[in-house]
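Okay, structure first, notes after.
Numbering of residues begins at 1 and proceeds along the displayed sequence.
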Amino acid sequence: METNFLIIGSGAAGLTLAVKLAAKFPKKKITVVTKAHVSESNTKYAQGGVAAVFDLKKDSFQKHIDDTLRAGDGLCDEAVVEMVITEGPERLRELMEWGAKFDTDANGQLTLGREGGHSKFRVIHHKDTTGNEIERTLLERSNKLQNITMLPHHFAIDLITEHHFSEGKNENLSCYGAYVLDQISGNIFTIKADCTTLASGGMGQVYGHTTNPTVATGDGIAMAYRATARIQNMEFIQFHPTALYDGKNQSSFLISEAVRGFGAFLRNKNGERFMFNYDARGELASRDIVSRAIDSEMKNSGDDCVYLDCTHLNIDDFKKHFPNIYETCLQRNKNIAKDWIPVVPASHYLCGGVVVDVDGRTSLQNLFACGECSYTGLHGANRLASNSLLEALVYADRIFKYLCKHQPWQTTKDIPEWNDAGTVLLKDVEILQQKTVQLQSLMRRFAGVVRNNKDLKKASIQLEMLYFEVEALYQKHKLNTSLSELRNMVNVAHLIIQQSLIRKENRGGYFNEDYNKESVENIVNDKI
Ligand code: FAD
Ligand code: SIN
C-alpha cells in the first residue's frame, strides 16, 4: 500500500494531524493505522481537561509558563513551554469550531477547573469526560474527509528505514513507512509513505497497575528505538496519585485530580489529612509529591491504600461536575457521598519519549512524532496536569504547518516485503501472558514511584534475561499483537531502567532513595 502521509495512532495527536492535512491537501492520501477500535486511546479516557489561559483578567500566559517550569523542575525547554502555552488557546478555539463542547457558565463563559501544581483555575473541560469529547469531535470531522483512510485493528510493527534494504552502517537514516499487521486476517503488509508520524501514545501497561487502557504499550517508542531514533527522559514516569484501589482488580479507574481541585481531602486510615506534612500546598501539590507522600504513608502504615474524602462536598455539585466518576465508583460499591474512596498511585503518563524539535521532527528524516510518545521539552522532569492534551494539539499543528511549507520528497526505494519465512504459529499463547505479568511486576517492584540503584540494577539483569527469551520467541514465531506488544514493552522497560540508572539525582517525578534532594552531578541523558 502507498500513501502520502502515514499516521500511527488515532488519539488527539494523530487525528488532529490527519484532519488538518486532509483538509489542506484534498488530493493527497492520509492513512491512519490504529491498533484497536478507532476511538480506543489514552485520549478517550482523559478526565480533568486541557490547561490553557482563557481568563486574562485573573490569569496570564506567564503564570501558566511559571507553573509548567516549576513542575518540570529545571528540565523544561523554556522556548517550547512558551510556544505551547501561547499557541494553546488558539488550538482549543479551533477544536470548539469543529464542534467540541466544553462546559460554560450561565453567561456562556468557559468554566475553568484547577488541578495540582496550577496556581490558577485554567483547566477547560467537558464534565469529567473531556477526552471522550475531544475524540468524538475529531473522529466526526475525520469521517467527513474523503481522503483519510482509517485502518482500525491494524498494528504498526516496525518503521521502515535503510536498515531494511541496505548493507553496512547507515547514517542520516530516513523513514519510508511501516510494516503493519492486519489484526483480523493476521497478514503483515507494507505501507510505503512519503512521511510517517508516530502518534502512538503512552506506555502505562509496562507497569500493569495503570490508569491507561490496554493499547498503551509504548509501541511507537520501541519502534523508534529499534530504528535508532533519539529517545530521552524515559526515567520520568508520572504516577497519578489517585487511581481507584480495587484489591482484586488490576484495571484501575482514575479519580481525576480535578476532584482534589474541587476540594476533596486525602486521608490515611486513621483519618489524618496527611498531605500538609509533605507540602504546604496540601492536596494540590504537584502529583509527583502527592504520589510519593501516599507511597510513604502506605509503606509506614503497611496499608494497601489511602483514601479520598469527598463527604464534606456538595454532592449535587459533585455529580454535575464528575458524573462519570460518581457512577463508576457507585458501580464498584463506593458511594462518594458517604464513603471514603480507596486510592493508590498508578502509572499514568510518560514525560519522555521520541525526541522532536519544535516542528515535531525526530532524528530520522521523514519521521515525525507528536503527543505522548514524543519528548518535546514541554514537561521536563514532570508534567503539569492537563498539559498533555495541550501538547498533543499544539504539536500536531506544528507538524501540519511544517509539512505545508516542506513537502516531503517522494520516496523511490524498493521496500522489501515483510519476511517471516521459517517462522511458525505460536501455539503456547499463555507464555506471552506469563512473561507480560513477569515484566509488569518487575517494573512495579524495582522501577516504581521510589527507586534505588540496587533495585534498578537487579531489574536490569532480570530484564536482560527476559529480553533474550522474548527475542527467541520473536525470531521463531509468526508475529501477533501480543508478541509484538510484549517485545515493545521489554524495549521500553529497558529504556526506563537504563535512563534511570544514568540519572544521578532526584528531579521532578524521578525519585531515587540513594540521592538526596539537592543531589550531585546531572548527567544529561544522551541517546542510549
Ligand atoms: P493516545 O490518545 O493514547 O492515542 C494513541 C493511539 O495510538 C491509539 O489510537 C492507539 O491505539 C494507537 N497505537 C498505539 N500503538 C499502535 C501501534 N503499534 N499500531 C497502531 N496504532 C497504535 N491529559 C490531559 O492533558 N488532561 C487530562 O485530563 C488527562 N486525563 C487523563 C486521564 C487518563 C485516565 C489517562 C490515561 C490519561 C490522561 N491524560 C490527560 C493524558 C492524555 O490523555 C494523553 O497523554 C493524551 O491523550 C495522549 O494523546 P495521544 O494522541 O498522544 O495518544
Ligand atoms: C486527571 O484528570 O487527574 C488527569 C489529568 C492529567 O493527567 O493531566
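E391 and H379 share a side-chain donor-acceptor pair at under 3.5 Å. Under 3.5 Å, the side chains of N382 and D288 contain a donor-acceptor pair of N or O atoms. Side-chain contact of S185 with D182: a donor-acceptor pair under 3.5 Å is present, judged by distance alone. Under the 3.5 Å distance criterion, with hydrogens and angles disregarded, no donor-acceptor pair is assigned to the side chains of T16 and D397. With no hydrogens or angles considered, a side-chain donor-acceptor pair links N488 and D219 at under 3.5 Å. In summary, the side chains of Q62 and D66 do present a donor paired with an acceptor at a separation below 3.5 Å, with no hydrogens or angles considered. Checking N132 against H126 by side-chain atom types alone, no donor-acceptor pair falls below 3.5 Å. Under 3.5 Å, the side chains of S39 and E135 contain no donor-acceptor pair of N or O atoms. For the residue pair D67/S119, the side-chain donor-acceptor check at 3.5 Å is satisfied. Side chain to side chain, Y510 and Q499 fail the donor-acceptor criterion of an N or O pair below 3.5 Å. There is no side-chain donor-acceptor pair under 3.5 Å between Q47 and T129. For the residue pair Q205 / T217, no side-chain donor-acceptor distance below 3.5 Å is found, with atom types taken as modelled.
Y349 has its side chain out of reach of I237: every pair of non-hydrogen atoms, C-beta onward, lies at least 4.5 Å apart. Taking 4.5 Å as the limit, some side-chain heavy atom of V343 sits within range of a side-chain heavy atom of I255. Side-chain contact check for T197 versus F5: every heavy-atom pair is 4.5 Å or farther apart. Put simply, the side chain of T137 does not reach to within 4.5 Å of the side chain of I134, judged on heavy atoms. Within the 4.5 Å cutoff, the side chain of K320 has heavy atoms near those of the D317 side chain. Considering only heavy atoms from C-beta on, S291 stays 4.5 Å or farther from Q238 through its side chain.
For the pair N233 (side chain) and G352 (backbone), a donor-acceptor distance under 3.5 Å is absent. Remark: the backbone N or O of Y375 is not paired with any side-chain donor or acceptor of Q232 at under 3.5 angstrom. Side-chain atoms of D105 come within 3.5 Å of backbone N or O of Q109 as a donor-acceptor pair. Within the 3.5 Å criterion, the main-chain N or O of A156 finds no donor-acceptor partner in the side chain of K35. Counting only distance, with no hydrogens or angles, the side chain of T328 and the backbone of I325 share no donor-acceptor pair below 3.5 Å. Looking at E162, its side chain does come within 3.5 Å of a backbone N or O of S174 through a donor-acceptor pair. A distance-only check finds a donor-acceptor pair linking the side chain of T43 to the backbone of A12 [under 3.5 Å]. The backbone N or O of L139 lies less than 3.5 Å from a partner atom in the side chain of N143, making a donor-acceptor pair. Under the 3.5 Å distance criterion, the side-chain polar atoms of S10 are left unmatched by any main-chain donor or acceptor of L15. Of the possible polar contacts, none joining the D359 side chain to the R361 backbone as a donor-acceptor pair under 3.5 Å is found.
T149 pairs in a side chain to side chain contact (heavy atoms under 4.5 Å, CB included) with only one of the listed residues (T31, I30, T3), which is T31. The residue from L393, V50, I124, L389 that alone fulfils the side chain to side chain contact (heavy atoms under 4.5 Å, CB included) condition with L95 is L393.
Centroid-to-centroid, the aromatic rings of F102 and H125 stay 6.0 Å apart or farther. Close placement of the F165 and Y176 rings is indicated, their centers lying within 6.0 Å of each other. Between Y326 and F322, a ring centre-to-centre spacing not shorter than 6.0 Å is recorded.
Atoms NE2 and OG, on H321 and S256 in that order, are 11.5 Å from each other to the nearest 0.5 Å. Rounding to the nearest 0.5 Å gives a distance of 9.0 Å between NZ of K20 and CG of L17. Distance CE/M203 to CG/L495: 10.5 Å, rounded to 0.5 Å. Considering CZ of R136 and CG of L138, their distance stands at 9.5 Å, rounded to 0.5 Å. Considering CG of L308 and OG1 of T242, their distance stands at 6.0 Å, rounded to 0.5 Å. The structure places CG of D194 at 11.5 Å from NZ of K29, a figure rounded to the nearest 0.5 Å.
Between F368 and Y402, the ring planes are tilted. Angles from 30° to 60° get that label. Note: H494 and Y225 have tilted aromatic rings, judged against thresholds of 30 and 60 degrees for the angle between ring planes. Between H118 and H64, the angle of the ring planes lies from 30° to 60°, which puts this pair in the tilted group.
In E78, the CD atom is not crowded: 12 or fewer heavy atoms of neighbouring residues, nucleotides or ligands sit closer than 6.0 Å. Crowding of R70 atom CZ: a count of heavy atoms from other residues, nucleotides or ligands under 6.0 Å not exceeding 12. More than 12 heavy atoms of other shown residues, nucleotides or ligands fall within 6.0 angstrom of atom CD in Q365.
Taking a cutoff of 4.0 Å between a charged side-chain nitrogen and a carboxylate oxygen, R114 and E257 do not qualify as a salt bridge. With respect to R260 and E115, no salt bridge is recorded, no charged nitrogen being found less than 4.0 Å from a carboxylate O. Under the 4.0 Å criterion applied to side-chain N and carboxylate O atoms, K101 and E133 are not assigned as salt-bridge partners.
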Show your working on ring pair (Phe, Tyr, Trp, His ring centres under 6.0 Å) between H348 and F239 and close with a plain yes or no.
CA-CA 5 Å; H348 180 64; F239 293 87; 10.0 Å; no

Can E140 and K144 be said to form a salt bridge (Lys or Arg N to Asp or Glu O under 4.0 Å), step by step?
CA-CA 7 Å; E140 271 182 26; K144 288 185 192 135; 5.2 Å; no

Can K44 and E40 be said to form a salt bridge (Lys or Arg N to Asp or Glu O under 4.0 Å), step by step?
CA-CA 6 Å; K44 180 178 164 187; E40 190 59 355; 3.4 Å; yes

Going through the distances and angles, do D59 and K63 end up as a salt bridge (Lys or Arg N to Asp or Glu O under 4.0 Å)?
CA-CA 7 Å; D59 198 2; K63 288 192 180 110; 5.5 Å; no

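Taking the ring axis of Y207 as reference, the NZ or CZ atom of R444 does not stay both within 45° of it and closer than 6.0 Å to the ring centre.
The shortest non-hydrogen separation linking Y474 to L483 is CA-CD2, 4.1 Å. Across every non-hydrogen atom of I148 and V32, the tightest pair is CG2-CG2, 4.1 Å. When all heavy atoms are compared, the tightest approach of T104 to T111 is C-CG2, 3.7 Å. The shortest non-hydrogen separation linking K127 to T130 is O-OG1, 4.0 Å. Shortest non-hydrogen contact noted between I415 and Y179 is CG2-OH, 3.8 Å.
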